[in-house]
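Structure first, then comments.
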Amino acid sequence: MGGLQDGEAGAGGAANVDELSAAFERLYGRVPDGVWAAPGRVNIIGEHTDYNEGLVLPIAIDRRALAAVAARDDGMVRVASRQRQGDPVVRELSDLGPGRVRGWAAYPLGVAWSLADRHGVSQGADILIDSNVPLGAGLSSSAALEAAVGLALADVAGRDIPRDALALACQRAENEVVGAPTGVMDQMASLLGRAGSALFLDCRSLQTEQVPFDLDAAGLALLVIDTRASHDLADGEYGDRRAACEEAARRIGVPALRDATLESVQNLSEPLRRRARHVVTEIDRVQHAVRLLRRGDVAGLGPLLTASHASLRDDFEVSIPELDVAAATAVEAGALGARMVGGGFGGSVLALVPAGDVDAVTAAVEAAYELRGWASPLPFVVTPAEGARRLR
Ligand code: GLA
């Protein structure tokens, strides 16, 4: 998978903006109007709280999707990806909508549809995508792709759509065209993340606060360990958890679990009680984490990460052995805390590690996987990066 560097630190292989522009010209026989970038995200804390109208604290990471785009005035959208074989997928804008597109192209074409439907941005375009956000790692490769395409289409149409509205348009594409009932955290992180900050987001009001997140000053690093165990959000489990949360809120008599308390979940029957308890305690952990970061206590996040993992494993039941072993081994080898990130059932673990211990923690997790005969995990360090923007 290509690394997408334009002079800033990036991770991964060799592709860059020039290469993507050249590939665009070879494919479509014209130069792109511009190139847009949008990052993946890792959630520091606040998992499975976004669709409960709760609080989250993600960062945009230094891995991203690029979209080279040129406007068309005939109402057609053509889209191709350097990560996918085959010819561009070609559709008329007027032909797009829920149930009309399948496979990976549903993400970019879904965004084209939702911008037209909600914002009157009916923008035909030729699009070529490149990305170094690992697929299926729980790092929001899909939101990165959506945000890059959404920002590009709005820009070439000459429309300045507020970032939160753009995030909602991208989420709608994922919910209604792709068919994954996800919350809005990933798209907000990709569009609103800032280098050196974590994004404190209230998923009910969409209010945000950039919270300083200075890992260097604390001598710490964020180590992502991609377990390479696969997950698919469109699969039933994510939707089941979401439905359980909505049912729990109904039984308690509140609009969303955001409004529940530890006391109010006590009367629920199992497993709803544990599902709801995770959401209530996790929102509390987000508030705690924000208080720590506001006073510069990055190391203090460690125990919160580990507690979040236990709650996701035992109460929300979205972990798998590969995630549990990576998180526990990281802590045994010196991480201050570690937890699974994203929807669960695969994907990555995030560990907060003293900068000098990254290699030791990595080696310990690799050894633990080898001992169990599991495929090697893919560890890499991430930093809080800038959100989506036009590069040229
Ligand atoms: C996925 C979804 C998000 C969020 C997380 C769990 O990443 O896309 O909206 O629900 O799972 O926190």
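For ligands, and for the atoms within them, numbers begin at 1 and follow the listed sequence. Every heavy atom of this structure was used, including side-chain atoms; hydrogens, water molecules and symmetry mates were not.
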Taking atom 8 (O) of ligand 1 as the point of reference, which of Val184, Thr49, Asp186, Asn52 owns the nearest heavy atom?
-> Asp186
Any ion pair linking Glu386 and Arg194 (charged N to carboxylate O, less than 4.0 Å)?
-> yes
Is it true that Arg275 and Glu247 have a side-chain N and a carboxylate O under 4.0 angstrom from each other?
-> no
Under 3.5 Å, is there a donor-acceptor pair between the Thr281 and Arg285 side chains?
-> yes
So is there a nitrogen or oxygen of Glu174 less than 3.5 Å from a nitrogen or oxygen in ligand 1?
-> no
Ligand 1 N/O within reach of Gly183 N/O, cut-off under 3.5 Å | yes
So, Ser308 and Ser311: side-chain donor and acceptor under 3.5 Å apart, yes or no?
-> no
Residue pairs passing the ring-ring contact (aromatic ring centres under 6.0 Å, His included) test where at least one lies in residues 315-340, sequence neighbours excluded = His48-Phe316, His278-Phe316
Using a 4.0 Å heavy-atom threshold (strictly under), name the region of Arg41 that reaches ligand 1: side chain, backbone, both or neither.
-> side chain
Under 3.5 Å: N/O of Glu47 near N/O of ligand 1 = yes
Filtering Ala143, Gly343, Ala180 for the heavy atom nearest atom 11 (O) of ligand 1 leaves Gly343
Would one find an N or O of Asn43, backbone or side chain, under 3.5 Å from an N or O of ligand 1?
-> no
